[in-house]
Amino acid sequence: TLGGNIMNASPAMDTGAPLLCFRAVAMLTSTAGSRHVDLAGLWAGPGSTTARPDELLVGVRLPAPPSGSAYVRLEYRRQMEIAVVGAAAALTLDGEEVTAAAIAITALAPTIHRVAEAEAALVGTAGEAEAVGQAAAAAAEAARPIDDVRGSASYRRAMAAVITRRAVEAALARARGQRVGIPASDATFGT
């Protein structure tokens, strides 16, 4: 379930990066009362949250969606449960100008997190190739991957740029009213 994924706090979960980009807030309740926690403040590390032992997740609040968004993941096979590398992009456009951007990376650090440098590379641009490339490079630079059976740290870091670029390109296309299939993969963009 969505709630199970959130409270499991896996850095490789597919729902985490999109929820961060959408600025989702967890609604926690206990006998002592309720509180709202943004997901970046909820996830403390792999399998660890800041929820108290007596708290239960009772809901997730999502603000209004941006103009366009996408989540792209790299996996060995479609049936794989978790991403080797993932990136989400949520963009708001005013005409052709990107006025707000949220970029989050998955399976590249102890927690899923947004990359402020990648976001800054896009805001104020029309999403030109250079700006998208800078955002992708910033995401790769922010990656702190591990070596495991699914991929080496160096491979994951290299793929962070590729996957982030694809997510940003798909989000831009959707924000401009174009249809982008799911998954937004290399077949979508021909690269």
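What's counted below: heavy atoms across the whole structure, side chains too, no hydrogens, waters or symmetry copies.
Within the 3.5 Å criterion, the main-chain N or O of I6 finds a donor-acceptor partner in the side chain of W43. Proximity of a side-chain donor or acceptor of T164 to a complementary backbone N or O of A161 within less than 3.5 Å is not detected. Using modelled atom types, no side-chain atom of D38 and backbone atom of V25 make a donor-acceptor pair closer than 3.5 Å. Counting only distance, with no hydrogens or angles, the side chain of E128 and the backbone of A126 share a donor-acceptor pair below 3.5 Å. Here the side chain of T99 pairs no donor or acceptor atom with the backbone of V123 at under 3.5 angstrom. Distance alone, capped at 3.5 Å, is enough to place a donor-acceptor pair between the R156 side chain and the V84 backbone. The main-chain N or O of V180 is found under 3.5 Å from a side-chain atom of R174 such that the two form a donor-acceptor pair.
Under the rule for a side-chain contact (heavy atoms from CB on, under 4.5 Å), the partners of N5 that lie at least two apart in sequence or sit in another chain are M13, T15. T29 is linked by a side-chain contact (heavy atoms from CB on, under 4.5 Å) to S34, V58, counting only residues two or more places apart in sequence or in another chain. In this structure R52 satisfies the side-chain contact (heavy atoms from CB on, under 4.5 Å) test together with S30, R35, D54, E55, sequence neighbours excluded.
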Stepwise salt bridge (Lys or Arg N to Asp or Glu O under 4.0 Å) check, D14 with R73: CA-CA 8 Å; D14 286 324; R73 76 182 211 155; 2.3 Å; yes

Full working for side-chain contact (heavy atoms from CB on, under 4.5 Å) between R176 and L93: CA-CA 8 Å; R176 293 176 177 141; L93 300 184; 3.8 Å; yes

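Of all non-hydrogen atoms in A101 and R23, the two that sit nearest each other are O-NH2, 4.3 Å. Contact detail for L57 and G3: the closest heavy-atom pair is CD2-CA, 3.4 Å. Between A107 and A83, the closest heavy-atom pair is CB-O, 3.5 Å. Here the closest non-hydrogen pair linking A44 and T50 is CB-CG2, 4.2 Å. In terms of heavy-atom proximity, A26 sits nearest to L39 at CB-CD2, 4.0 Å. Nearest heavy atoms, P11 versus A109: CB-O, 3.2 Å.
Taking a 6.0 Å sphere around CD of E97, one finds it holds more than 12 heavy atoms contributed by other residues, nucleotides or ligands. Other residues, nucleotides and ligands contribute at most 12 non-hydrogen atoms within 6.0 Å of the CD atom of E130.
A single hydrophobic cluster is seen to contain both V60 and V37, as judged by linkage of ILVMFWY side chains at heavy-atom distances under 4.5 Å, directly or through other members. Residue V72 is grouped with residue V115 when hydrophobic side chains (ILVMFWY) are merged at heavy-atom distances under 4.5 angstrom, including chains of intermediate members. A chain of hydrophobic side-chain contacts below 4.5 Å, direct or via other Ile, Leu, Val, Met, Phe, Trp or Tyr residues, connects M7 to F22.
Rounding to the nearest 0.5 angstrom, the gap separating the NE2 atom in H113 from the CD1 atom in I103 is 12.0 Å. Taking OG of S152 as the start and CE of M159 as the end, the distance is 10.0 Å to the nearest 0.5 Å. One finds the CG atom of L62 at 6.0 Å from the CG atom of L19 (value rounded to the nearest 0.5 Å). From L91, atom CG reaches atom OG of S67 across 8.0 Å, with rounding to the nearest 0.5 Å. Separation of atoms CD1 (I105) and CD1 (I112) is listed at 10.0 Å; rounding is to 0.5 Å.
Here the side chains of L108 and R144 are not in contact, with every heavy-atom distance at 4.5 Å or above. Inter-residue side-chain proximity for L42 and L28 is flagged as met; some heavy-atom pair is nearer than 4.5 Å. You'll find the side chain of L172 reaches within 4.5 Å of the side chain of V98, heavy atoms only. Within the 4.5 Å cutoff, side-chain heavy atoms of P66 are placed close to those of T92. Put simply, the side chain of V85 does not reach to within 4.5 Å of the side chain of Y155, judged on heavy atoms.
Taking the charged nitrogens against the carboxylate oxygens, R157 and E141 have no contact shorter than 4.0 Å, which rules out a salt bridge.
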